[in-house]
Amino acid sequence: MNGVRSMKNNELNQRRLQATPRGIGVMCGFYAEKAENATLWDTDGNEVIDFAAGIAVLNTGHRHPKVVAAVEKQLRAFTHTAYQIVPYESYVTLAERINARVPVNGPAKTAFFTTGAEAVENAVKIARSYTKRPGLITFGGGFHGRTFMTMALTGKVAPYKIGFGPFPGSVFHGQYPNPLHGVSTADALKSLERIFKADIAPDQVAAIILEPVQGEGGFNVAPADFMQGLRKICDTHGILLIADEVQTGFARTGKLFAMEHYDVKPDLMTMAKSLAGGMPLSAVAGRAEVMDAPAPGGLGGTYAGNPLAVAAAHAVLDVIDEERLCARSAELGHHLVEVLNNAKADCPYIADVRAQGSMVAVEFNDPKSGEPSPEFTKQFQDKALQQGLLLLSCGVYGNVIRFLYPLTIPETQFRKALDIIRHSLSR
C-alpha cells in the first residue's frame, strides 16, 4: 500500500468527516472499489490481501460464485415480503438444515434475524420466556453487540460502553479463563459462585452466555473443563447455557460450530457473520421446547430472515461442505500457528499464540515490563498493511492481532501473506 493516500482517498476522507459522525470509527484510510475471494482493491487500484474479512463475515470469501448466483436467482423472484406476513419455503428449508447441524440435545428449532446483536437480544428474550427468570451471567472480555442489552452483556468498556449508560440490569460478569493473565478454570468457576453469593441467587438466573472463543476479547479459547463446569452449574440450577457463535461459527474453528469441539451441548446458540457470506442474516437455534417458549408474535422483525440473505446462506452451507472448509480451516490454521511460533525467536514481544482451527491470534507484551503492548501491536499491523496485508487488532488491552482470512484463500496468496507476517515480526 506504500502508506500513501491518493488525492481521491484524501478527498473521500474529508467528505466522510463532514458527512458521518465520529462515533463510527474507520480503520483504513483507503476506500474499497471491488473485491474477490481474499483480495480487495481500493479506488486507486491498490491490491490488499484481506485478513479481516469484514470482521469474520467472509469465511467463504468475497463474492463466492455460488453465493452471487444464489442471490441473483432470488433477486429475480422477490426481495421482501416480511416472513411473518407472507412466508417463503427457503426460510423453512434453511431452518431445517441448521436444525440438523446444531449441537444441541434433542429436536432443534431456528429463528432468523438480521444482525448478531439482534440474535443475542432474541436469545435473551427466549431464555427469559422459558425460565421465567430475569438474571443473565456473562464474562469479562466478551463481546455480544452494541444494542443496550448486548452492551450490558459485553465485558469491554472502551470503546463500546463509554457514555452510553445506564444499561439494563440483572446482568453480571464472571471471569473468563485466561492462563496468560493468571485466570484458571477454577478461578473462573469460583467467580460464578461469588456472583451467586453476592449479586443474584442462582434460581433467578435465566442463562449463562459466552463465546466458546472470545472474539473482541482476544481469541481466548474456553477450556474443555470450563465448559463442562458451566454445563454442570446450569444443570444444577435450571439455568440455560447460551453459546454465542456469531464469530466462531461456519467453519472458522475447524468445525461448523465451535461447540462441536466440546462434549457438552448448549441449550441455545446465536449465529451471524459468515452465515450468509456477506449478506445480513443472523439466527438463534436451540432446543425445540426452549425455542417455543415465546408466544406467537413475540419474535420477528421486518427484515428478519430476508430472502436474499437466506438464499446466500443456503449457498454458504453448500460451499462449506463441497470445498471441505472445516478441514481447510484446520490446515491453514496449523500453518499460521507454526509461523507465529517460529517468529518468537526474532520477536520477543510475542507473549502467546492461541488458535482453534483458523481462529488464530497472537498477543504482544513488552518483553521488559511484561505489560500489554498495544504500541507494538499497532506497529506490526501498520507494517503488514504497508506490504499489502490487512489485519485486525482485538483484546481488552488492544494488544492482540487476530487473523480472519477467508477459508477459500488461494494457496499461493496465503503463502505470500505468511511471508509478510514473518517479515513484519522480524527484528
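We count residues from 1, following the sequence as given.
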So which heavy atom on [X] is nearest to which on [Y], and how close?
| X | Y | result |
| --- | --- | --- |
| Lys273 | Ala56 | CB-O, 3.6 Å |
| Ile98 | Ala285 | CG2-CB, 4.3 Å |
| Asn9 | Gly29 | CB-O, 3.6 Å |
| Leu275 | Met271 | CD2-CG, 4.4 Å |
| Leu308 | Leu75 | CD2-N, 3.6 Å |
| Ala361 | Gly218 | CB-O, 3.9 Å |

Between [atom1] on residue [X] and [atom2] on residue [Y], distance to nearest 0.5 Å:
| X | Y | atom1 | atom2 | result |
| --- | --- | --- | --- | --- |
| Asp50 | Leu389 | CG | CG | 9.0 Å |
| Asn399 | Ile401 | CG | CD1 | 9.5 Å |
| Glu118 | Thr270 | CD | OG1 | 12.0 Å |
| Trp41 | Asn46 | CH2 | CG | 12.0 Å |
| Glu121 | Thr115 | CD | OG1 | 8.5 Å |

4.5 Å side-chain heavy-atom contact, [X] and [Y]:
| X | Y | result |
| --- | --- | --- |
| Leu281 | Asn306 | no |
| Val264 | Lys232 | no |
| Leu325 | Asn59 | no |
| Thr110 | Val284 | no |
| His181 | Tyr397 | yes |
| Leu12 | Phe30 | no |

*asked:* Looking only at the side chains, is there a donor atom on one of Glu245 and Thr248 sitting less than 3.5 Å from an acceptor on the other?
replied: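 A pair is found: one side chain offers a donor N or O, the other an acceptor, under 3.5 Å apart.
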*Polar contact flag, side-chain donor to acceptor under 3.5 angstrom, Thr138-His144*: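 Yes, His144 and Thr138 have a side-chain donor paired with an acceptor closer than 3.5 Å.
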Do the side chains of [X] and [Y] get close enough for a salt bridge, i.e. N-O under 4.0 angstrom?
| X | Y | value |
| --- | --- | --- |
| Asp292 | Arg287 | no |
| Arg402 | Glu216 | yes |
| Arg415 | Asp419 | no |
| Arg354 | Glu363 | yes |
| Arg231 | Asp263 | no |
| Arg133 | Asp203 | no |
| Arg324 | Glu331 | no |

*Name the orientation class of the two ring planes belonging to Phe414 and Phe51 (parallel below 30°, tilted from 30 to 60°, perpendicular beyond 60°).*
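Parallel.
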*Tyr31 ring centre to Arg15 NZ or CZ under 6.0 Å, with the angle to the axis within 45°?*
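So Arg15 doesn't make the cation-pi contact.
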*Answer yes or no for Lys161 and Phe167: cation-pi contact, defined as NZ/CZ to six-membered ring centre under 6.0 Å and angle to ring axis within 45°.*
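Yes; both conditions hold, so Lys161 lies above the ring face of Phe167.
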_Assess the residue pair Tyr83 and Phe112 against the criterion (ring-ring contact (aromatic ring centres under 6.0 Å, His included)); give the C-alpha distance rounded to whole Å, side-chain angles, the decisive distance to 0.1 Å, and a yes or no._
CA-CA 10 Å; Tyr83 174 78; Phe112 295 107; 8.4 Å; no
*Sort and list the pairs that fulfil side-chain hydrogen bond (donor to acceptor under 3.5 Å, both in side chains) and have at least one residue in residues 148-158, not counting sequence neighbours.*
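Counting only pairs at least two positions apart or across chains, the side-chain hydrogen bond (donor to acceptor under 3.5 Å, both in side chains) contacts touching residues 148-158 are Thr147-Thr150.
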*Given His314 and Thr93, is the side-chain contact (heavy atoms from CB on, under 4.5 Å) satisfied, shown in steps?*
CA-CA 9 Å; His314 277 290; Thr93 306; 3.7 Å; yes
*Which is it for Phe78 and Tyr88 under the ring-ring contact (aromatic ring centres under 6.0 Å, His included) test, yes or no, and what are the steps along the way?*
CA-CA 10 Å; Phe78 60 92; Tyr88 29 94; 5.5 Å; yes
*Are any side-chain N or O atoms of Thr20 and backbone N or O atoms of Arg16, one a donor and one an acceptor, separated by less than 3.5 Å?*
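Flag set: sc Thr20 to bb Arg16 pair under 3.5 Å.
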*Verify the ring-centre separation between Phe226 and Phe139: is it less than 6.0 angstrom?*
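When the ring centroids of Phe139 and Phe226 are compared, they turn out to be within the sub-6.0 Å range.
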*For Phe143, enumerate each residue passing the ring-ring contact (aromatic ring centres under 6.0 Å, His included) test, keeping only those at least two apart in sequence or located in another chain.*
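Only Tyr160 meet the ring-ring contact (aromatic ring centres under 6.0 Å, His included) criterion with Phe143.
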*What pairs with His80 under ring-ring contact (aromatic ring centres under 6.0 Å, His included), at least two apart in sequence or on another chain?*
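Checked His80 against ring-ring contact (aromatic ring centres under 6.0 Å, His included); matches are Tyr303.
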*Apply side-chain contact (heavy atoms from CB on, under 4.5 Å) to Asp244 and Val120, showing your working.*
CA-CA 7 Å; Asp244 183 341; Val120 173; 3.6 Å; yes
